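Notes to accompany the following structure.
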Number of protein chains: 2
Amino acid sequence: MKLPCPITGPKPYHHGDLRRALLEAASRVLEREGPNALSLRAVAREAGVSPAAPYHHFKDKSELMLAISEEGFDQLYKFMLQSSDADAPPMERVAAIGVAYVEFAKAHPSIYRVMYDCSRDLESLPDKAHKAEDGAFSLLKKAMIDLGVVSSDQEVDLELACIAAWCAAHGLAEMVGFRQFDSLKAKMGGEKAFLAGVLSHLGMFGQARKRG
Amino acid sequence: MKLPCPITGPKPYHHGDLRRALLEAASRVLEREGPNALSLRAVAREAGVSPAAPYHHFKDKSELMLAISEEGFDQLYKFMLQSSDADAPPMERVAAIGVAYVEFAKAHPSIYRVMYDCSRDLESLPDKAHKAEDGAFSLLKKAMIDLGVVSSDQEVDLELACIAAWCAAHGLAEMVGFRQFDSLKAKMGGEKAFLAGVLSHLGMFGQARKRG
DNA sequence: GTCTCAATCTAAACGTTGTCAAGATGAACT
DNA sequence: AGTTCATCTTGACAACGTTTAGATTGAGAC
């Protein structure tokens, strides 16, 4: 006999929202043991259910990963939002978004990896897989419009500029993730200076920084 | 009784360079079934040996992947080299290198993925894992020096610019790999225009293109 | 030429994974 | 109360990475 949690509301069946519990268990496994240890069985174990239980909530492993990915992009969006002061000048806002992106990837490397690994695997359902990014992407788009590098009526160019910015941030996030650049960082006096230095060479981020 | 191959020369033991055969088998498996199907057993099967045979040539799976990655970076280097005419003006050379990078990733998506997946997994041995990139990276470096955006004596800034270019190319390669951007490409009249458009927003590539 | 050795390959096994089919459980509706 | 149906468990299967022990065989020493 399980009484429904008063916070999360009246929960349906046996477990009481196993789906949610699985996602949280997955998150714990990821932080504790890294992305290579993320197996369906490990997640089920962590949640205290049988290995087959997740199949009533996710079609297969890749759907679990997709759900984790969606949560990740949601967190990324929120982090970007809170990192870019809406009252700040557009140039600084764009730069802040870029830095926030890289910082997020560095702070949650396992989740970040899942976010893109499942993008790679799910060529089958591109719609669902990529809708997760939309929040973060449109945040960037707004800042780019305000920046005025591209005129907002030139839809195509705006889109291109945003894609370029996304590419730059993603590339940098991955590089920083699996290379150290230790000696270079030391020469520059810290990682922050290093990141800013690289960004200053990257298109719209560079323009954003030349102002300061 | 196996007579040594007259082309590859006198080969040592039983098989006659199984290591080479395994790498070629892996390449075939990758092209045929994609990166997710790349298992040690599948490679052994493809090469016609027992599942344990590869362990006499590679410590474990990640070392096989590392070897594939090294070959991939070597191919990438050669492709970059042949794509960038040494006599062309530096600006065009830098741009050509960037385009070649993305085209390589698109032409060999499975190999490209292995190249970076094993970078991610092998935090343990960064030296060996990243030495593979050195050829391609120094090619870019030379072009950047010739470009003169950064003065060659400012070592740090040159390094930053190259890292930035690498990030941009890698980010674009990945994005193009798992997103379609079909409608945008259609609006722009083809993929080539699309790629050039994105690159034009990306720092040094942008500068390279503004000339034309 | 024969012997020995060590590198190479195979056979068999272990623990793990993703996934499925069949059955048990129990909340909710009639 | 009884039926229904989503939920969870049990048990199984094939495939995987990896290890151990043993068979094979090329190459150098005598």
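Bear in mind the structure is a predicted one, so any value in this text is a computation, not a measurement. Numbered from 1 within each chain, the chains take letters A, B, ... in sequence-line order.
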task: Identify whether the distance between the nearest side-chain nitrogen and carboxylate oxygen of A:Glu71 and A:Lys78 falls below 4.0 Å.
output: no
Non-neighbouring partners of B:Ala96 that pass side chain to side chain contact (heavy atoms under 4.5 Å, CB included), sequence neighbours left out: B:Ser84
query: When you check every protein heavy atom under 4.0 Å of nucleotides 18-24 of chain C, what one-letter string (B, S, -) results, 5' to 3'?
result: BBB----
task: Round to a whole Å and report the spacing from CG of B:Asp17 to C1' of C:dA7.
output: 14 Å
Under 3.5 Å: donor-acceptor pair, side chain of A:Lys185, backbone of A:Leu195: no
- request: With side-chain contact (heavy atoms from CB on, under 4.5 Å) as the test, would you mind laying out the steps for B:Phe58 and B:Leu40 before giving the verdict?
  value: CA-CA 10 Å; B:Phe58 303 98; B:Leu40 261 185; 5.9 Å; no
field: Phosphate OP1/OP2 of C:dC9 contacted by B:His57 side-chain N/O (<4.0 Å)
entry: yes
field: Check: B:Phe79 main-chain N/O paired with B:Ser83 side-chain donor or acceptor under 3.5 Å
entry: yes
task: Give the rounded distance in Å between these two atoms: CZ of B:Phe58 and C1' of D:dT19.
output: 19 Å
query: CE/B:Met144 to OG/B:Ser138 distance, rounded to the nearest 0.5 angstrom?
result: 13.5 Å
- prompt: Under 4.0 Å between a Lys/Arg side-chain N and an Asp/Glu carboxylate O for A:Lys142 and A:Asp146?
  reply: no
A:Lys192: partners by salt bridge (charged side-chain N to carboxylate O under 4.0 Å, His left out), with sequence neighbours left out: none
- request: Test B:Val102 against B:Leu199 for side-chain contact (heavy atoms from CB on, under 4.5 Å), laying out the working first.
  value: CA-CA 10 Å; B:Val102 177; B:Leu199 281 174; 5.5 Å; no
- prompt: Near DNA chain C, which residues from residues 18-27 of chain B have a heavy atom under 4.0 Å away?
  reply: B:Leu18
- prompt: What is the distance, rounded to the nearest whole Å, between atom CG of A:Asn36 and atom P of D:dG17?
  reply: 13 Å
- prompt: Could you state the CD-C1' distance from A:Glu33 to C:dT16, rounded to the nearest angstrom?
  reply: 13 Å
statement: As a check of understanding: the bend across the helix from C:dG1-D:dC30 to C:dT30-D:dA1, end axes from five pairs, rounded to 10 degrees, works out to 0°
Only distances under 3.5 Å count here; give the side-chain donor-acceptor pairs of residues 158-178 of chain B to other protein atoms, sequence neighbours excluded, each with its distance to 0.1 Å.
unit_1, atom_1, unit_2, atom_2, d
B:Glu159, OE1, B:Lys141, NZ, 3.2
B:Trp166, NE1, B:Tyr116, OH, 3.0
B:His170, ND1, B:Tyr112, OH, 2.6
B:His170, NE2, A:Glu174, OE1, 2.6
B:Glu174, OE1, A:Arg120, NH1, 3.1
B:Glu174, OE1, A:His170, NE2, 2.6
B:Glu174, OE2, A:Arg120, NH1, 2.6

- request: Any chance you could measure A:Leu22, atom CG, to A:His57, atom NE2, to the nearest 0.5 Å?
  value: 6.5 Å
